[in-house]
A.B. asks: 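Here it is, the structure in full.
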2 protein chains.
Amino acid sequence: MGSSSSFSSSSKLLFRQLFEKESSTFTYLLADVSHQLWYLIDPVDKTVDRDLQLIDELGLKLIYAMNTHVHADHVTGTGLLKTKLPGVKSVCVTYVTGEEADQPNQEWLLPGMLYSSVVVGGLTFRVEALINSTSLYIHRQIFTLPEDTLIYPAHDYKGFEVSTVGEEMQHNPRLTKDKETFKTIMSNLNLSYPKMIDVAVPANMVCGLQDVPSQAN
Amino acid sequence: MGSSSSFSSSSKLLFRQLFEKESSTFTYLLADVSHQLWYLIDPVDKTVDRDLQLIDELGLKLIYAMNTHVHADHVTGTGLLKTKLPGVKSVCVTYVTGEEADQPNQEWLLPGMLYSSVVVGGLTFRVEALINSTSLYIHRQIFTLPEDTLIYPAHDYKGFEVSTVGEEMQHNPRLTKDKETFKTIMSNLNLSYPKMIDVAVPANMVCGLQDVPSQAN
């Protein structure tokens, strides 16, 4: 998979990676210019105004705000987006079963799928929602892709923005280990309790729509 | 100008943007795979180990560490790079007149030039060292480029990573103003005294080589 960061009126594809420093979250703006489909993937509440400004400057009409996973470190920007742009549809992965998520585009978001694909400008973007993921899953589903397939992360804490399947296969400090070693590493991470989790998870379970008037849902 | 963030053995070009959060500095890794030319542009001292790890993982042999301007907010990583990879050549813009900078590649770095070009993989990358820059200069030298020309910044404080000439022409909050208004805005910014300036500027005036043994220069 390749992508261009460029935007021009003749381009079929617009792809922009945006960064929120506090939670080290990447938000992605993805557009199929030919088909007038605009996605904002994993928006953060604190950077919604920035995202809206960019969308406005680029002359886009946002259709979908998509959340790829239940964020534990920040509140999704979807709720705010829907109040400011009422036409926006909320699309969440399958953890949301109620009315909070709008009708997903079944072509690229199917309940129960381990990943979803977005075909934009002739290129395929796969959102890897790593529910029940294991080293085995990653090896089977990701490491079988062409080695120059780009991997854009949901988060990064060291200033990296993109990687490739080939690099991860060779150098990922966890995924180059066998399954048992991987499980041991993950079990022994002893991560501190995420500061935002008690606020973020309940809000994100309803796609950030906890404060949105019902007519905007 | 377009670019691919991808790296593959068949690609002529490698381009990676890296971010240092504390000073909001972008470091760029740029390589012409065909001609074995590797540039690390605006490295930061605090992220040198990260950069070296990436260079190692990608199997690159770094040739040039380049500084596009006298950084006031961080110390360049060039000095550390030269101690850890003694073959690396330091290339600075023309503020460095002594022995600290290695012989610049005259093809793309000419004393007195307002910008420099790096031709990599058939694409032209211009480093805009905005010495004596004015709104007029930007209008003449940048806004005359094709509108889909990508602009990669040296710094960003809001989570943006890339823009285009067309976007800046239409939406840049300062450069869309006339020259006099631009000068007034810049004069009235009243920016606080940069925290790192007293340490960073003297170090960067010698390309970060103040602590490097002379044989490594």
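Numbered from 1 within each chain, the chains take letters A, B, ... in sequence-line order.
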A.B. asks: Does a side-chain heavy-atom distance below 4.5 Å link A:Glu161 with B:Glu161?
C.D. replies: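 Sidechains of B:Glu161 and A:Glu161: in contact.
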A.B. asks: Is it true that atom CD of B:Glu57 has more than 12 heavy atoms of other residues, nucleotides or ligands lying nearer than 6.0 Å?
C.D. replies: yes
A.B. asks: Please state whether the side chain, the backbone, both or neither of A:Glu20 comes within less than 4.5 Å of a heavy atom of chain B.
C.D. replies: neither
A.B. asks: Is any side-chain heavy atom of B:Glu167 closer than 4.5 Å to one of A:Leu58?
C.D. replies: yes
A.B. asks: State whether the side chain of B:Lys21 and the backbone N or O of A:Gly159 hold a donor-acceptor pair below 3.5 Å, judged by distance alone.
C.D. replies: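 Flag not set: sc B:Lys21 to bb A:Gly159 has no pair under 3.5 Å.
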A.B. asks: Answer with side chain, backbone, both or neither: which region of B:Ser163 has an atom nearer than 4.5 Å to a non-hydrogen atom of chain A?
C.D. replies: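 Answer is backbone: N, CA, C or O of B:Ser163 sit under 4.5 Å from chain A.
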A.B. asks: Apply side-chain contact (heavy atoms from CB on, under 4.5 Å) to residues A:Leu54 and B:Phe160 and explain how you reach the verdict.
C.D. replies: CA-CA 9 Å; A:Leu54 179 64; B:Phe160 294 112; 4.1 Å; yes
A.B. asks: Does either side chain, that of A:Lys158 or that of B:Thr47, offer a donor lying less than 3.5 Å from an acceptor on the other one?
C.D. replies: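 No pair is found: no donor N or O on one side chain lies under 3.5 Å from an acceptor on the other.
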